[in-house]
Trainee: 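So that we are looking at the same thing, I have put the structure below in structure tokens.
Scope of the values below: all heavy atoms of this structure, side chains included, with no hydrogens, waters or symmetry mates.
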There are 2 protein chains.
Amino acid sequence: MQIGELARTTATKVETIRFYEKIGLLPEPGRTSGNYRDYGAAHLARLSFIRRARDLGFTLDQVRELLTLSDDRSRSCSAVDTVARAHLAQIDQKIADLRALRRELDELIGQCSQGAISDCRIIEALGPSAQNGH
Amino acid sequence: MQIGELARTTATKVETIRFYEKIGLLPEPGRTSGNYRDYGAAHLARLSFIRRARDLGFTLDQVRELLTLSDDRSRSCSAVDTVARAHLAQIDQKIADLRALRRELDELIGQCSQGAISDCRIIEALGPSAQNGH
DNA sequence: TCTTGACCCTGTAGTTGCTATAGGGTGCAT
DNA sequence: ATGCACCCTATAGCAACTACAGGGTCAAGA
Ligand SMILES: [Zn+2]
Ligand SMILES: [Zn+2]
Ligand SMILES: [Zn+2]
Ligand SMILES: [Zn+2]
């Protein structure tokens, strides 16, 4: 299987596959006589894993850790659980941050009376003397 | 006012101030005889504006646009409103995306029975044959 | 046989928004 | 004169790709 087909199968750009290889996430495949990369089922499996984990928002470092863990089939999966739960906590934090932001911005927009810039509460609130009471 | 004081006043790193100058967001200040940057009230006001907008999650391009708009005091602020509402929509989208992610991940974690890796539903779900029904 | 076109290769630079060095100069106090 | 805090420029690094530039490979069609 050459890189283009692997890319289509996993909905990944060709450049991204080469990038994963360069950073050691995806093992180097064999080469054809014409120096084309030649992938097999194991590569497809590994890349699918990477992509799914990325879709779930894991960082590449976390993906690397999950891959290492998953390669040791006999050990307990509590380490996997730990990685996953840490990621969940990060997501919760991000959601909370964004909600606070959203509240601020919404409040600001609600005060804009669509007049001249010099009266605009949005611009005013961004100005140097504005105090943010939150 | 030299750069360190401006940095402390606006809770910005010195390097960040120089970076804003380099990308044309903050105008070049005058220099002292010893080639130190010398800032005045206008710079402080502008940097405060930038920082507040960044805190609200606007991108540097959006900040640039807001600054340009705010410099024309007589025009209508509807353009400002447009930028702010677009940003709000982006935030809402991000929150929605993160919530969907969170739901997926939470579901996955709930299925992990803390056994061996080979039985772990998290690892399994990341594998190549896993179908995601969502 | 020659050429076209789709595919592949390497290597490097760009993206966003900073941050962190390295290797110096300035200014003031002791 | 020496220390120290502060400043200067220039460059490289971070995440996680993405986009070239400038080539090589391979199968099909005229
Ligand atoms: Zn408020
Ligand atoms: Zn307004
Ligand atoms: Zn699910
Ligand atoms: Zn498990």
Trainee: Measure CD1/Ile17(A) against P/dC7(C) and give the value in whole Å, please.
Mentor: 14 Å
Trainee: Within this structure, what is the CD-to-C1' distance between Gln62(B) and dT16(C), rounded to whole angstrom?
Mentor: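 One finds 13 Å between C1' of dT16(C) and CD of Gln62(B), rounded.
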Trainee: To the nearest Å, how far apart are Leu6(A) CG and dC7(C) C1'?
Mentor: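 Spelled out: CG on Leu6(A) to C1' on dC7(C) is 15 Å.
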Trainee: Reckon Arg64(B) has a side-chain N or O less than 4.0 Å from the OP1 or OP2 of dG17(C)?
Mentor: no
Trainee: Report yes if some heavy atom in the side chain of Gln111(B) is under 4.5 Å from a heavy atom in the side chain of Ile122(B); otherwise report no.
Mentor: no
Trainee: Answer yes or no: is there a side-chain heavy-atom contact under 4.5 Å between Arg18(A) and Val14(A)?
Mentor: yes
Trainee: Starting at CD of Glu15(A) and ending at C1' of dC7(C), how long is that distance when rounded to a whole Å?
Mentor: 13 Å
Trainee: Tell me whether the OP1 or OP2 atom of dG17(C) has a side-chain N or O from Tyr20(B) closer than 4.0 Å.
Mentor: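 Negative; the distance criterion is not met.
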Trainee: Side-chain heavy atoms nearer than 4.5 Å, only ILVMFWY residues, links allowed to pass through others: does that put Leu101(A) and Leu66(B) together?
Mentor: yes
Trainee: Regarding Phe58(A), tell me which of base, sugar-phosphate or nothing describes its non-hydrogen contacts under 4.0 Å with the strands shown.
Mentor: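 It contacts nothing in the nucleic acid.
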Trainee: Take the protein atom NZ of Lys13(A) and the nucleotide atom P of dC9(C), then report the distance between them rounded to whole Å.
Mentor: 17 Å
Trainee: Quick one: are Leu105(B) and Arg102(B) in side-chain contact, heavy atoms under 4.5 Å?
Mentor: no
Trainee: In degrees, rounded to 10°, what is the bend between the two ends of the helix from dT1(C)-dA30(D) to dT30(C)-dA1(D), using five pairs at each?
Mentor: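 It comes to 40° between the two terminal axes.
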Trainee: Do nucleotides 2-15 of chain D as a string where each nucleotide becomes B, S or -: B if the base has a protein heavy atom under 4.0 Å, S if just the sugar-phosphate does, - if no protein is that close.
Mentor: ----BSSB-B----
Trainee: Give a yes-or-no answer on whether the side chains of Arg51(A) and Tyr20(A) include a donor-acceptor pair shorter than 3.5 Å.
Mentor: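 A donor-acceptor contact under 3.5 Å links the two side chains.
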Trainee: Would a distance-only check, ignoring hydrogens and angles, find a side-chain to backbone donor-acceptor pair under 3.5 Å from Thr68(B) to Arg64(B)?
Mentor: yes
Trainee: For the pair made of CD1 in Ile23(B) and P in dT16(C), what is the distance, rounded to whole Å?
Mentor: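 To the nearest whole Å, that distance equals 10 Å.
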Trainee: Quick check: do Ser118(B) and Ser74(A) have side-chain heavy atoms less than 4.5 Å from each other?
Mentor: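 A side-chain contact is absent here, since even the closest heavy-atom pair is not under 4.5 Å.
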Trainee: Between atom NZ in Lys94(B) and atom P in dT16(C), what is the gap in whole Å?
Mentor: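 Roughly 13 Å, once rounded to whole Å.
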Trainee: Ser33(B) side chain N/O closer than 4.0 Å to the phosphate oxygens (OP1, OP2) of dT26(C)?
Mentor: no
Trainee: So if I apply the side chain to side chain donor-acceptor pair (under 3.5 Å) rule between Arg37(B) and each of Glu28(B), Gln2(B), Glu21(B), which one comes out positive?
Mentor: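 Looking at Glu28(B), Gln2(B), Glu21(B), the match for Arg37(B) under the side chain to side chain donor-acceptor pair (under 3.5 Å) is Glu21(B).
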Trainee: Side chains of Val83(A) and His87(A), heavy atoms from C-beta outward: is any pair under 4.5 Å?
Mentor: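 Val83(A) does not reach His87(A) side chain to side chain.
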